[in-house]
Amino acid sequence: MSHQLVIVLDFGGQYNQLIARRVRECGVYCEVKPYTTPLAELRAMNPIGIIFTGGPNSVYLEDAPQIDGDIYTWGVPILGICYGCQLMAQSLGGRVTAAQDDAAREYGKTMTYFETKCSLFKDLPGQGITWMSHGDYMEKLPEGFVLTAHSDACPNVAIADERRRFYGVQYHPEVNHTQHGVDMIRNFLYEVCGAAGDWTMEDYKRTAVAALREKIGGGRVLLALSGGVDSSVAAALLAEAVGEQLTCVFVDHGLMRKHEGEEVEAAFSSWAMNFVRVDAEQRFLQKLSGVSEPERKRKIIGEEFIRVFEEEAKRVGAVDYLAQGTIYPDVIESGAGNAAVIKSHHNVGGLPDCVDFKEIVEPLRLLFKDEVRQLGRELGLPEYLVMRQPFPGPGLAIRVIGEVTKEKLDTLRDADAIFREEIERAGLEQSMSQYFAVLTNMRSVGVMGDGRTYDYTLALRSVTTSDFMTADWTRIPYEVLDKVSVRIVNEVKGINRIVYDITSKPPATVEFE
């Protein structure tokens with residue numbers, strides 16, 4: 001696949017993935033690389049532009065992340081963001097110091113004034129809100145740079161050397177809080193780097209199908225299909241490429257939401273592939289019997305899933321390729337080289353020992369989640385599958401607090417289905433990132449009709465977020481919550497009390513367990 005490329009050079013910034021997503025949203029392909037990547041490797045990638053990310057360090061400290069100064073001689077445009085801006089200034093002869101007073105430190109939303117003759121701010125308003133997060137100060141600019149933006153407190157919010165096509169901003173244009181921030185990134189890509197905008201999911205589908213056909217040839221492929229967005233889109237892409245050479249094993253562990261198993265099977269019923277659905281509900285429930293501790297639940301489910309998959313793989317026989325739904329954030333977060341490992345993902349780590357295969361195929365490993373969804377649409381997958389919300393690997397087992405039983409799971413499935421149905425009826429589903437019900441382990445006294453009840457409390461949870469690193473609880477209208485509550489206590493046996501979780505992340509997490 002040949003596309004114009006922008007490199008996002010990561011200096012430890014918390015928004016590195018977001019920067020890359022913004023670049024791709026502008027129709028330009030990019031990859032995130034750690035700042036320790038050898039310069040020869042970066043240059044061989046032939047980028048049309050480079051973006052230095054932010055980071056937690058101060059550039060003047062001895063152990064601060066640095067980059068070989070040769071990168072500034074390539075003639076490739078560079079945009080430095082926050083730490084990246086200060087690094088460029090310091091490296092090219094400027095001076096960065098710790099701010100001596102509060103006036104030079106800026107955090108949060110800040111009114112900023114732009115020099116619109118600068119290519120970065122072309123055709124944009126002369127002032128707007130930016131999102132600041134810096135305690136250091138560019139005391140002296142490098143030779144050839146001029147100031148292109150300022151705030152009431154800080155004279156050097158943005159700098160530029162238009163001749164060499166070097167730009168630096170102290171704020172974060174990639175976050176939603178910065179007005180016209182994406183337009184600034186777009187200006188860098190198109191006005192400065194000369195991007196053609198050749199990155200689309202229609203093109204990716206076409207080139208990926210051709211590449212998979214060439215790689216796999218007449219070989220056989222095995223995929224563990226979870227029913228989630230990533231594995232479903234990977235299955236569809238592989239089916240498009242190699243058809244019946246693909247076998248998908250869908251392990252139905254009985255811990256999915258209402259009707260989801262049937263929806264997954266229906267979605268792939270017309271595809272040219274071998275689809276195997278394994279009904280393993282009883283097997284998983286037996287393993288979970290008497291277990292209440294969340295981490296034990298997770299480990300039991302993960303291990304049992306591998307065992308079931310291995311057994312089915314042996315029935316399939318020898319395969320040449322094991323396919324996985326690994327996506328780009330999995331790769332970035334799992335670390336590469338000297339990059340910090342945020343968390344190890346199962347798709348990038350341990351594999352079943354007993355499955356005999358020659359090589360791993362990961363057709364989505366270059367894509368972000370929103371791109372995966374768009375690719376799913378290009379492939380013709382139904383919208384209910386493409387837009388399926390994030391769902392934990394252990395499924396409803398960690399949304400049933402305490403011991404997991406078939407009765408509790410069925411109760412939760414019915415209640416959760418009502419919640420989702422009423423949210424959709426109210427037209428609110430697109431405004432929420434994730435919403436679900438949790439069957440707590442708390443029972444309380446209630447009155448239904450003339451009788452006393454002693455039943456479970458159901459918790460409702462809904463959050464809104466752009467990246468799931470932080471999340472705000474959703475302000476669902478009272479009348480919708482009232483309708484959900486009335487329906488659940490009247491239609492679902494075993495629940496007599498409904499509560500709504502109004503805790504954001506942090507301090508809470510999205511899931512309860």
Side-chain angles (χ1 to χ4, degrees), residues 1 201 204-253 256 260-280 283 302-328 330-331 334 345-367 371-372 375-376 378-382 385-386 393:
M1 289 176 246
M201 282 303 99
Y204 182 84
K205 170 192 165 185
R206 183 173 60 255
T207 54
V209 165
L212 286 168
R213 284 175 181 163
E214 182 178 353
K215 181 181 183 67
I216 294 168
R220 300 178 68 195
V221 187
L222 180 67
L223 171 70
L225 179 61
S226 69
V229 177
D230 302 337
S231 66
S232 296
V233 174
L237 186 61
L238 285 161
E240 181 90 1
V242 298
E244 293 182 359
Q245 294 166 235
L246 169 68
T247 298
C248 291
V249 176
F250 172 43
V251 178
D252 186 350
H253 48 29
M256 301 184 76
E260 279 192 330
E262 290 73 21
E263 288 174 353
V264 172
E265 187 167 6
F268 290 101
S269 61
S270 61
W271 288 78
M273 65 160 75
N274 299 303
F275 183 92
V276 179
R277 180 177 179 179
V278 185
D279 183 359
R283 182 168 172 171
E303 290 170 4
E304 195 63 17
F305 185 93
I306 292 295
R307 297 287 85 77
V308 176
F309 180 67
E310 285 176 345
E311 290 169 15
E312 292 302 319
K314 288 177 182 176
R315 292 190 180 95
V316 171
V319 295
D320 301 286
Y321 298 93
L322 177 68
Q324 295 188 140
T326 311
I327 66 174
Y328 200 39
D330 299 340
V331 176
S334 293
H345 287 260
H346 67 279
N347 280 351
V348 196
L351 297 165
D353 296 327
C354 302
V355 179
D356 183 22
F357 61 92
K358 298 175 184 175
E359 197 175 336
I360 300 170
V361 176
E362 297 172 314
L364 309 180
R365 72 177 285 117
L366 296 178
L367 304 184
E371 294 172 320
V372 173
L375 177 60
E378 293 286 343
L379 289 161
L381 286 175
L385 200 57
V386 169

Mind checking what makes side chain to side chain donor-acceptor pair (under 3.5 Å) contact with R206, not counting sequence neighbours?
D203
R315/E312 salt bridge by N-O under 4.0 Å criterion
yes
Between V251 and F305, the two heavy atoms sitting closest are CB-CE1, 3.5 Å
Are any non-hydrogen side-chain atoms of L375 and K205 less than 4.5 angstrom apart?
yes
Atom pairs and distances, side-chain donor-acceptor, residues 270-280, under 3.5 Å, sequence neighbours left out:
from : atom 1 : to   : atom 2 : distance (Å)
W271 : NE1    : A267 : O      : 3.2
N274 : ND2    : E244 : O      : 3.0
R277 : NE     : D252 : OD2    : 3.4
R277 : NH1    : E265 : OE1    : 2.8
R277 : NH2    : D252 : OD2    : 2.7
D279 : OD1    : E281 : N      : 3.4

Short N-O contact, R307 and E310, less than 4.0 angstrom
yes
Return the minimal non-hydrogen interatomic distance between M256 and F250, and the atom names on each side.
SD-CZ, 3.5 Å
Taking R220 for the side chain and V316 for the main chain, is one N or O donor matched with an acceptor at less than 3.5 Å?
yes
Using side-chain heavy atoms (C-beta onward) and a distance below 4.5 Å, is V319 in contact with T247?
no
Ignoring hydrogens and geometry, is there a side-chain-to-backbone donor-acceptor pair from Q324 to E362 under 3.5 Å?
no
Might you point out which heavy atoms bring D320 and G219 nearest each other, and give the distance in Å?
OD2-CA, 3.1 Å
Euclidean distance, Q245 CD relative to R213 CZ, rounded to 0.5 Å
10.0 Å
Apply side-chain contact (heavy atoms from CB on, under 4.5 Å) to residues E371 and Y328 and explain how you reach the verdict.
CA-CA 10 Å; E371 294 172 320; Y328 200 39; over 6 Å; no
Would you give me the side-chain donor-acceptor pairs under 3.5 Å for residues 231-241, sequence neighbours excluded?
from : atom 1 : to   : atom 2 : distance (Å)
S231 : OG     : S226 : N      : 3.1
S231 : OG     : S226 : OG     : 3.1
S232 : OG     : G228 : O      : 2.7

If you compare all heavy atoms of Y204 against all heavy atoms of L364, which two are closest, and at what distance to 0.1 Å?
OH-CA, 4.3 Å
For the residue pair L222 and F309, what are the closest heavy atoms and their distance?
CD2-CZ, 3.6 Å
Smallest heavy-atom separation, L212 atom then P363 atom, equals CD1-CB, 4.1 Å
